[in-house]
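Protein chains get the first letters and strands the later ones, always in sequence-line order, with residue 1 at the start of each. Note that the coordinates shown come from a computational prediction; the quantities given were computed from them, not determined experimentally.
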Protein chains: 2
Amino acid sequence: MDLYSGYINRLIEELSALPGIGNKSAQRLAFYLVNQPEESVKRLANTMVEAKEKVRYCSCCCTLTDQEICPICSNPKRDHTTIMVVENSRDLAAYERTSKFNGVYHVLHGAISPMLGIGPSDIRLKELMQRLQGADVREVIIATNSSLEGETTAMYISKLIKPTGIKVTRIASGVPVGGDLEYIDEVTLLRALDGRVEL
Amino acid sequence: MDLYSGYINRLIEELSALPGIGNKSAQRLAFYLVNQPEESVKRLANTMVEAKEKVRYCSCCCTLTDQEICPICSNPKRDHTTIMVVENSRDLAAYERTSKFNGVYHVLHGAISPMLGIGPSDIRLKELMQRLQGADVREVIIATNSSLEGETTAMYISKLIKPTGIKVTRIASGVPVGGDLEYIDEVTLLRALDGRVEL
């Protein structure tokens with residue numbers, strides 16, 4: 001489309017490569033940006049590049065941080081004997097918002113997916129196993145998503161860790177709080193039934 | 001939230017200021033960006049700044065372009081006596097994709113909205129009126145949106161142009177092609193009825 005300008009077309013193209021941004025959203029964003037004051041566009045551009053340059057993986061739990069060791073791993077008040085394994089830093093943030101989990105995390109940055117060709121060596125599993133060696137870890141809680149990939153990853157990790165004698169648990173799956181049974185899929189309903197607890 | 005890194009937080013904040021990007025999307029985008037190779041982040045940042053720097057308004061129709069006069073206004077094969085007035089360059093693009101309109105455009109960059117405090121002087125109306133003076137224009141087709149703001153703008157422009165004797169028309173509003181009457185709102189149904197044409 002040669003309607004606008006080569007510069008806008010290129011911007012639309014690059015924006016639509018971002019996750020969750022389709023062609024229409026990319027157009028809207030591109031027009032928004034060229035209509036903004038130059039300093040705000042430059043500020044956004046700088047923030048992007050700066051974040052990319054400064055942010056790295058925590059050398060302990062692999063979450064994204066701008067320090068060598070992230071604030072959670074370097075906090076002596078956290079329980080370092082309990083490690084929750086999550087798929088990504090957003091999931092870590094979700095559990096942190098509950099402010100009820102006092103253990104530490106391990107961020108895999110993905111899940112095993114034969115469909116997408118993502119194998120165990122493509123996620124931060126080696127780092128987890130290295131971390132478990134020697135350290136005093138009593139429980140590994142697997143909090144990967146309740147999707148096919150998440151479950152596959154959970155099974156794989158549990159098989160890997162079991163021989164070490166460390167306790168491996170999986171977060172419960174069932175009916176979400178406030179969920180109406182009528183609208184919940186059968187697999188979730190069966191999971192909720194299987195996972196029933198005595199009152 | 002001090003969970004990630006100040007750099008990521010700042011990036012999330014700036015991204016969520018973009019139109020159509022909520023906090024969750026901004027988080028997803030920010031994590032995506034810091035996980036991308038440095039050169040692709042820099043390329044996106046540069047493209048943004050470059051588009052902002054190079055793109056300007058066509059001195060004739062006010063659309064976004066990187067030339068003094070946009071390709072449509074400088075095309076001698078277009079019918080310069082028919083001007084279609086649109087709210088923004090995306091709407092211009094929508095009509096260009098039909099490849100059936102051979103006239104030229106005028107881009108308002110907005111619509112009159114008393115609710116949002118956008119008055120006639122905040123959109124490119126003065127430029128339209130200046131353009132009509134002296135030039136040989138036979139028809140102005142108002143193709144603003146069929147929203148309250150679009151209709152207000154259409155009424156305002158038509159009142160402004162009528163005294164000059166130039167023909168002012170408005171694009172039809174009615175049932176969209178392929179639309180199922182059952183699901184169409186009453187206002188549209190009444191508009192379609194009012195605008196009925198003889199077969």
Do the side chains of Ile142(A) and Met155(A) join up, straight or via other hydrophobic residues, at under 4.5 Å, putting them in one cluster? no
Which of the residues His109(B), Glu14(B), Arg28(B) is involved in the greatest number of heavy-atom pairs with chain A at under 4.5 angstrom? Glu14(B)
Those residues of residues 44-61 of chain A that come under 4.5 Å of chain B on a heavy-atom basis, listed by number, are Leu44(A), Ala45(A), Thr47(A), Met48(A), Val49(A), Glu50(A), Ala51(A), Lys52(A), Glu53(A), Lys54(A), Val55(A), Tyr57(A)
hydrophobic_cluster_shared for Val41(A) and Leu15(B), side chain cutoff 4.5 Å: yes
Note, Phe31(A) side chain near Leu64(B) side chain (heavy atom, < 4.5 Å): yes
Does any backbone or side-chain atom of Ala30(A) lie under 4.5 Å from a heavy atom of chain B? Answer side chain, backbone, both or neither. neither
Are Ile72(A) and Leu128(A) connected in the hydrophobic side-chain network, where two residues link if heavy atoms are under 4.5 Å apart? yes
Ignoring hydrogens, what is the shortest heavy-atom contact between Ala17(A) and Tyr32(B)? Give both atom names and the distance. O-OH, 3.7 Å
Interface moiety of Ser25(B) toward chain A, non-hydrogen atoms closer than 4.5 Å: neither
CD/Glu139(A): more than 12 non-hydrogen atoms of other groups inside 6.0 Å: yes
Who passes side-chain hydrogen bond (donor to acceptor under 3.5 Å, both in side chains) against Asp66(B), sequence neighbours left out? Ser5(A)
I'd like to verify something: which residue of Lys42(A), Gln67(A), Arg10(A), Arg90(A) has the highest number of heavy-atom pairs under 4.5 Å with chain B? Arg90(A)
Looking at Phe101(A), I'd like to know if its CZ atom is crowded, meaning that more than 12 non-hydrogen atoms belonging to other residues, nucleotides or ligands lie closer than 6.0 Å. yes
Co-membership, hydrophobic cluster, residues Leu92(B) and Ile141(B), 4.5 Å side-chain: yes
Report which part of Gln36(A) has an atom under 4.5 Å of a heavy atom belonging to chain B: side chain, backbone, both, or neither. backbone
Establish whether Ile83(A) and Met129(A) are linked, either directly or via other cluster members, by ILVMFWY side-chain heavy-atom contacts under 4.5 Å. yes
Thr65(A) versus chain B, heavy atoms under 4.5 Å apart: side chain, backbone, both or neither? both
